[in-house]
Amino acid sequence: MVLFGAKKSSKSAGYKGTSLEAIRHHYDFLGDFYRLTLGPELVYSFGMWEPGDTLEAAQLRKLDHHAEAAHAVGAARVLDVGCGWGSLMKRLVETHHVQHVVGLTMSPGQAAWIRERNWPGCEVRAENWYDHEPDGPYDAIIAIEAIEHFAGNTMWRAQRVARYREFFQRCHSWLRPGGRISLQVNAWNERGWFASLVLPVRSTTRNGDARDAGRLWGMRGIRDIYDGVKNVREGFHASRTVFPECFLPTRAELIEAGRGLFTVLEVRSDREDGVRTVQSWLERGEANRARGAELIGERAVADILREQRAGLKFLREGRSTSLRMVLERA
């Protein structure tokens, strides 16, 4: 789970988000361990769970949800932004009868892995969305847990919104009229990143976001302050060791960024899907710890498991959530 970035980077107008160096660290180096835990489809994002599900079933349901939400079923051309190891690309062609899928990834290892499979109808490009020049318009665009890389380590809200808006502007130009985007995003709750980490959580709102009771005094208040400091420490640790140059958005930031370009058709907060997915990853990670240490080293494995435990805590407490959004080209 992405927390927030800590590494300094360029703030020029041409900034492209997470650097290639950071991408290769997370997906190519640490990816050797993730592949031990993700299951045969190598889906590296939160699943969509129902009672009695396995991780594999929840992941396939999630892929199908995005195909249907984006109106990609039977489409001629679909763009998968942040395609990972290609699980959605393959599913779109084989199950949802898409003629041609273009997948974008900045990870050389992921791109090579997909090319080796030579799946019909699947074209992978090792490039940043910022540099993408399509051969023709797309019928649908799907981006699953990719936007967390677009703003890098930018902690200023206005700069983040501007970078998200540039992505939506590109999508608007790439889509046919009436085309849809289906998004899935790890997001802070409605209070923003700092308050989500630091302020106490007492209950959750109907949409799954956290709500605090405003009680900051007495022994309970002292515990809350300690917990907030610990949360910030864990977040920065994850940003240094596992997810460099990443930042979670909020729902409001994404809606603002797409205003005038897209109509928001659906927004859902599926926090429990994140909880169950990270729980499964942790269980599998612990079971594969020795093999993982052989591949990437014990310290790197320990960093990943520590990050996942922190991410699970944030999800359980409602500090973060899994947003799923459907937008239609205006």
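Since the model is a prediction, treat every value here as computed from it, not as a measurement. Atom set for the values below is all heavy atoms of this structure, side chains included, hydrogens, waters and symmetry mates excluded.
- Crowding of F29 atom CZ: a count of heavy atoms from other residues, nucleotides or ligands under 6.0 Å exceeding 12.
- Side-chain contact between E190 and R251 is present, with heavy atoms from C-beta onward closer than 4.5 Å.
- Under the ring pair (Phe, Tyr, Trp, His ring centres under 6.0 Å) criterion, F33 pairs with no residue, sequence neighbours left out.
- Using modelled atom types, one side-chain atom of E245 and one backbone atom of S19 make a donor-acceptor pair closer than 3.5 Å.
- Between the E283 side chain and the W281 main chain, no donor and acceptor come within less than 3.5 Å of each other.
- A salt bridge is absent between R240 and D303; no separation between the charged side-chain nitrogens and carboxylate oxygens falls under 4.0 Å.
- Of all non-hydrogen atoms in Y138 and V78, the two that sit nearest each other are CD2-C, 3.8 Å.
- Residues R160 and F247 are in side-chain contact: their nearest non-hydrogen atoms beyond the backbone lie under 4.5 Å apart.
- Here D227 pairs with K313, R319 under the salt bridge (Lys or Arg N to Asp or Glu O under 4.0 Å) rule; sequence neighbours left out.
- L60 has its side chain out of reach of M48: every pair of non-hydrogen atoms, C-beta onward, lies at least 4.5 Å apart.
- Residues N189 and G318 share a closest heavy-atom pair of ND2-O, 3.0 Å.
- Atom OG of residue S322 and atom CG of residue L315 lie 8.0 Å apart, to the nearest 0.5 angstrom.
- Exactly one residue among V264, I181, L265 makes a side-chain contact (heavy atoms from CB on, under 4.5 Å) with V326. That residue is L265.
- V73 and V101 fall into different hydrophobic clusters, defined by Ile, Leu, Val, Met, Phe, Trp and Tyr side-chain heavy atoms under 4.5 Å apart, directly or through other members.
- Between F150 and F167, the ring-plane angle classifies as tilted under the 30° and 60° cut-offs.
- A cation-pi arrangement is present between R170 and Y130, with the terminal nitrogen or guanidinium carbon under 6.0 Å from the aromatic centre and inside a 45° cone about the axis.
- Judged as a salt bridge (Lys or Arg N to Asp or Glu O under 4.0 Å), and not counting sequence neighbours, the contacts of E56 are R284.
- Contact annotation: the side chain of W193 never approaches that of T250 to less than 4.5 Å [non-hydrogen atoms, C-beta and beyond].
- Residue E317 comes nearest to R271 through the heavy atom pair N-NH1, 4.3 Å, listed as atom of the first residue, atom of the second, then distance.
- The CZ atom of R163 sits 13.0 Å away from atom NZ of K16, with the distance rounded to the nearest 0.5 Å.
- Qualifying salt bridge (Lys or Arg N to Asp or Glu O under 4.0 Å) partners for R324, counting only residues two or more places apart in sequence or in other chains: D270, D273.
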Query - Worked verdict on L38 versus V43 for side-chain contact (heavy atoms from CB on, under 4.5 Å) - result: CA-CA 6 Å; L38 298 180; V43 186; over 6 Å; no
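- With hydrogens and angles left out, the side-chain atoms of E145 and Q184 include a donor and acceptor closer than 3.5 Å.
- For the pair L254/V185, a side-chain contact is recorded, criterion being any heavy-atom separation below 4.5 Å from C-beta on.
- Shown here for A22 and T18, the closest heavy-atom pair between the two residues is CB-CG2, 3.5 Å.
- Side-chain N or O atoms of Q159 include none that pairs as donor or acceptor with a backbone N or O of A151 at under 3.5 Å.
- Atom OG of S173 is separated from atom CZ of R329 by 8.0 Å, given to the nearest 0.5 angstrom.
- Linking ILVMFWY side-chain heavy atoms closer than 4.5 Å, directly or via other members, places I147 and V102 in a single hydrophobic cluster.
- Rounded to the nearest 0.5 Å, atoms CZ (R268) and CD (E266) are 5.5 Å apart.
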Requested in this report: Kindly determine whether W188 and T321 satisfy side-chain hydrogen bond (donor to acceptor under 3.5 Å, both in side chains), including the steps that lead there.
Outcome: CA-CA 6 Å; W188 295 118; T321 189; over 6 Å; no
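- From L63, atom CG reaches atom CE of M89 across 12.5 Å, with rounding to the nearest 0.5 Å.
- Residues E272 and W49 are not in side-chain contact: their nearest non-hydrogen atoms beyond the backbone lie 4.5 Å or more apart.
- Applying the salt bridge (Lys or Arg N to Asp or Glu O under 4.0 Å) criterion to R259, with sequence neighbours excluded, gives no partner residue.
- Of the charged side-chain nitrogens involved, none lies within less than 4.0 Å of a carboxylate oxygen, so that R165 and E256 do not count as a salt-bridged pair.
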Query raised in the report: Run the side-chain contact (heavy atoms from CB on, under 4.5 Å) check on F46 and V275 step by step: do they pass?
Result: CA-CA 9 Å; F46 294 161; V275 170; over 6 Å; no
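- Listed by first and then second residue, the salt bridge (charged side-chain N to carboxylate O under 4.0 Å, His left out) pairs that reach into residues 77-96 are D64-R91, K90-E94, sequence neighbours excluded.
- Every residue two or more places apart in sequence or in another chain that forms a side-chain hydrogen bond (donor to acceptor under 3.5 Å, both in side chains) with E294 is listed here: R291.
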Would you mind writing out the side-chain donor-acceptor pairs for residues 103-116 within the sub-3.5 Å range, not counting sequence neighbours?
| from | atom 1 | to | atom 2 | distance (Å) |
| --- | --- | --- | --- | --- |
| T105 | OG1 | S107 | N | 3.0 |
| T105 | OG1 | Q110 | OE1 | 2.7 |
| S107 | OG | D28 | OD1 | 2.4 |
| S107 | OG | G109 | N | 3.4 |
| S107 | OG | Q110 | N | 3.0 |

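- Every residue two or more places apart in sequence or in another chain that forms a ring pair (Phe, Tyr, Trp, His ring centres under 6.0 Å) with H26 is listed here: Y34, Y44, F243.
- Within the 4.5 Å cutoff, the side chain of N231 has no heavy atoms near those of the V198 side chain.
- Smallest separation of non-hydrogen atoms from I142 and A70: CG1-CB, 3.9 Å.
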Requested in this report: Go through V301 and L30 one step at a time and tell me if the side-chain contact (heavy atoms from CB on, under 4.5 Å) criterion holds.
Outcome: CA-CA 8 Å; V301 171; L30 300 183; over 6 Å; no
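- Residues L55 and L88 are members of one and the same hydrophobic cluster, defined by side-chain heavy-atom contacts under 4.5 angstrom among Ile, Leu, Val, Met, Phe, Trp and Tyr.
- Closest approach of L295 and D32 over heavy atoms only: CD1-O, 3.5 Å.
- From L92, atom CG reaches atom SG of C83 across 11.0 Å, with rounding to the nearest 0.5 Å.
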Query raised in the report: For R309 and E234, what are the C-alpha separation, side-chain angles and deciding distance, and is it a salt bridge (Lys or Arg N to Asp or Glu O under 4.0 Å)?
Result: CA-CA 10 Å; R309 283 191 287 269; E234 290 302 304; over 6 Å; no
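- In terms of the side-chain hydrogen bond (donor to acceptor under 3.5 Å, both in side chains) criterion, Q99 has no residue partners (sequence neighbours excluded).
- Under the rule for a ring pair (Phe, Tyr, Trp, His ring centres under 6.0 Å), the partners of W174 that lie at least two apart in sequence or sit in another chain are H132.
- No donor-acceptor distance shorter than 3.5 angstrom exists from the side chain of H237 to the backbone of R306, with no hydrogens or angles considered.
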Requested in this report: For side-chain contact (heavy atoms from CB on, under 4.5 Å), just list the numbers for E50 and R61, CA-CA rounded to whole Å, side-chain angles, deciding distance to a tenth of an Å, and then say yes or no.
Outcome: CA-CA 9 Å; E50 290 187 0; R61 181 177 297 104; 3.6 Å; yes
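- The side-chain hydrogen bond (donor to acceptor under 3.5 Å, both in side chains) check on H172 picks up nothing, with sequence neighbours excluded.
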